[in-house]
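Worth knowing before you read on, the calculation uses all heavy atoms, side chains too, and leaves out hydrogens, waters and symmetry mates. What you see is a predicted model; the values in this text were computed from it and never measured.
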Amino acid sequence: MAAESATDRPPTTRPDVSVVVPVYNTLRYLRACIDSLLRQTIGPERMEIVAVDDGSTDGSGRLLDRLAARHPGVVRVVHQANSGGPAAPCNRGLDLATGRYVFFLGSDDRLGPEALERLVAAADRYGSDVVLGKVVGVNGRHVFSDVFAGGNAVDVSLFDSELPWSLANTKLFRRDLVDRLGLRFPEDMPVLSDQPFTLAACYHARRISVLADYDYYHAVRRLDARNITYHSRVEQRLVSVERLFAFVADLIPAGPRRDAVLRRHAGLELANLVGDDFRRLDRATQERVHASVRRLVERHVTDGVRARLDIEARLRLGAVTAGGVDDLLAVIEQDTARGVPETVVAGGRWHAGYPGAPAAWTDVTDVRADWLARLDTVEVSWVDGHTLAVTARSPYPGFAAQAGPVRLAAGPVVGATRLDATDPTGRTVRTDFPIDRLLAVGAASGQRHPVRADVDGGHGRGSAPVRAPRLAAGRPRMLRHGARLYGVAATVDPRNGQLVLSVVPVTVGQLAARLRRRWRGGRSNGASRPAPAAVPAAPPRVGTGNHAEPAPTQVSRLTVTR
C-alpha cells in the first residue's frame, strides 16, 4: 500500500506548477535532480514537488524522505510497491498534484534553474495548453532536437512540424486540459507509456508552444546502469508498440494527419523492432516479432506513411511484408556484414540489389536520391589529433556523376567533404570533422552525433544515415576542452548500424578505475609501473522511463575492404 511522508502535506494555496518525479533506483542522480527543482527561480511558494518512490531498493526512498523533512510544503513523497514501469508512479503523482500546470521530470534528469518560471510564463502569456522547452542530452544521451531548430514558436502543429519526434512527457501541461480529458498513463504498456498521454494532450490542446531559447531540460545518460538488452525487452516492446498503434488509430481519424504521426512510430518504434539486433533473437521470438510487425505494417502503414519514411526503415519494413524471417535475416546480414548492396537497373527502374528479394519492395526508383545517399564507412582515422576523418563509399558506379555535391554531417556539425582522389571510380568520399567544432557543440554535457549523408544531384536531394558495417573496436581518444576531459570517438548504433561521433565527459572516477585496472594488469605481467591512462569506453545506459537506448560500440579506426 502506498504511504505518504507525514512531514509533507499539500500547501494551503494552489501552486502554479506541480513537478511529478517517478523514482526507481536512481540514487546516484536523484539529489542533483531534486536540487535542480529546489533551485528553480519560480520560487518554492509557486511550485510543489511530488516524488513517487516506486519500490526503490537502493536508498532512493530514504533520501526523498530526508529531503521532504527539510522542505515541508514543497517536497511531497509517496512510497509504493514496485509497479514494473513508469506509468503507475506518474499516475499516482498526477493524482496528488495540485498545481495549475503539471510537469514530469525523470529522476536521473534535471532542469535548468529558470525552466519552470519561463515555461509557466509562456503558458500564461500565450494561453498554451502544452509547452515544450528545449531538451539537451547529457553524457552523450541522444535527443531528437529538430523541433527546436526554428527557434521559439508560439503555435506549433502536431501534424505539420517535427513535434511527433518529441513525444516524451517532459513538457508543461495545463491541468485543466488533463482533467477535462481524464488523461492518465496506460499502465498496461511496459514501455512507451508517456506517448499516448502526450499525444492525446497535444491532439486536443488549444495551443502548443515550443521554447528553444534556453536549455530547459537536461536528459542524462546514466553511466552506472546495467544494459537492458534488446532480447530481454522485446516482448515488452511488442506489446507496447501494438497498443501504441491502436491508440493512434482510435485518437486520429485516417488521413494525412494520422499519417504525419504514424510516420514517427513506423520509422522509429516499428523499424527498430527489425533493426540489426533482430538477428540476435532466438527463432521463436523472431517469428513473433516478424508476424507482429507485418500485421502492423499492413494495417497502419499507408502509402502516405511509407512515402515519408527514411529509406532504411522503408526497406526493412518492405522486407517484412514481402517475405519471411529468413528473407529479413538476409537483408540484415547484407547491411551489417557486407554493406550497401549493388543497384540493379532494369527496364528503367532502380532496385536495391538484396539477394533473393522480390522486386515489389526493392524498387527505389522514386527515391533514387535517398538511395544514392546510402554510404558505407570504410575508414575512420585521426589526423594530427585535431580532425576525425571519415571515409565512406557508394557501391553505385555512377555515383560521382549522378549524386551531385555530397555532404556528411554529424548532428549539427557539417564536415568538409571531397572525393577521395585515391579512388579512380569516384565512389569514395572523405569528410574531415574538426574536433574543436565537435567539442564546441557537445562538450557542455556530452553529445552523440549520428552521421548522415546528403546528396543534391540530377535525381534531386536525398539523405540517408551513414552505416558502418564490420567495425574494429577501439577506445575513445581523451581530449581537453576548457577545464574538463572528454572522450571523443567514432561509435556505431547497434540498433541500425549508423555511424555516430560521440563526445562524452570523462569523470575522475572513470580515470581512476582505468588506472587501477592498468596497474593491476601491469603487475600481473611483471611491469614495474602502470601504463598511461586511456579514456574508458562509456558504459551502457538504460533509460529510467520510456526511452532506453542500447550503448554504442566504440571504434577508433576502421578499415573495410571489398
- [ ] Starting at OG1 of T428, measure out to CG of D376 and round the result to the nearest 0.5 Å.
- [x] 10.5 Å
- [ ] Rounded to the nearest 0.5 Å, what's the gap from CZ on R467 to CG on D276? Could you check?
- [x] 4.5 Å
Open item on the list: Using a 3.5 Å distance criterion without hydrogens, assess whether the side chain of S193 forms a donor-acceptor pair with backbone atoms of F185.
Closed with: no
Open item on the list: Closer than 3.5 angstrom, by distance alone: can the side chain of S240 be matched with the main-chain N or O of V191 as a donor-acceptor pair?
Closed with: yes
Open item on the list: Ring-plane angle category for H459 and W350, please: parallel below 30°, perpendicular beyond 60°, tilted otherwise.
Closed with: perpendicular
Open item on the list: Check whether R427 reaches the backbone of Y396 with its side chain - one donor and one acceptor, N or O, closer than 3.5 Å.
Closed with: no
Open item on the list: With salt bridge (Lys or Arg N to Asp or Glu O under 4.0 Å) as the test, pick out the partner of E269 among R264, R263, R237, R243.
Closed with: R264
Task: Trace of the side chain to side chain contact (heavy atoms under 4.5 Å, CB included) decision for H290 with L281 - done: CA-CA 11 Å; H290 184 278; L281 302 175; over 6 Å; no
- [ ] Evaluate the ring planes of F104 and F197, with Trp represented by its six-membered ring, and classify them as parallel (under 30°), tilted (30 to 60°) or perpendicular (over 60°).
- [x] perpendicular
Task: Spacing of Y101 atom OH and D176 atom CG [to the nearest 0.5 Å] - done: 8.5 Å
Open item on the list: Whether the side chain of D370 engages the backbone of S463 through a donor-acceptor N/O pair (distance < 3.5 Å, no angle test) should be reported.
Closed with: yes
TODO: May I ask you to test the V143-K134 pair for a side-chain heavy-atom distance under 4.5 Å?
DONE: no
TODO: Could you point out which residue of V414, T377, V451 forms a side-chain contact (heavy atoms from CB on, under 4.5 Å) with L408?
DONE: V451
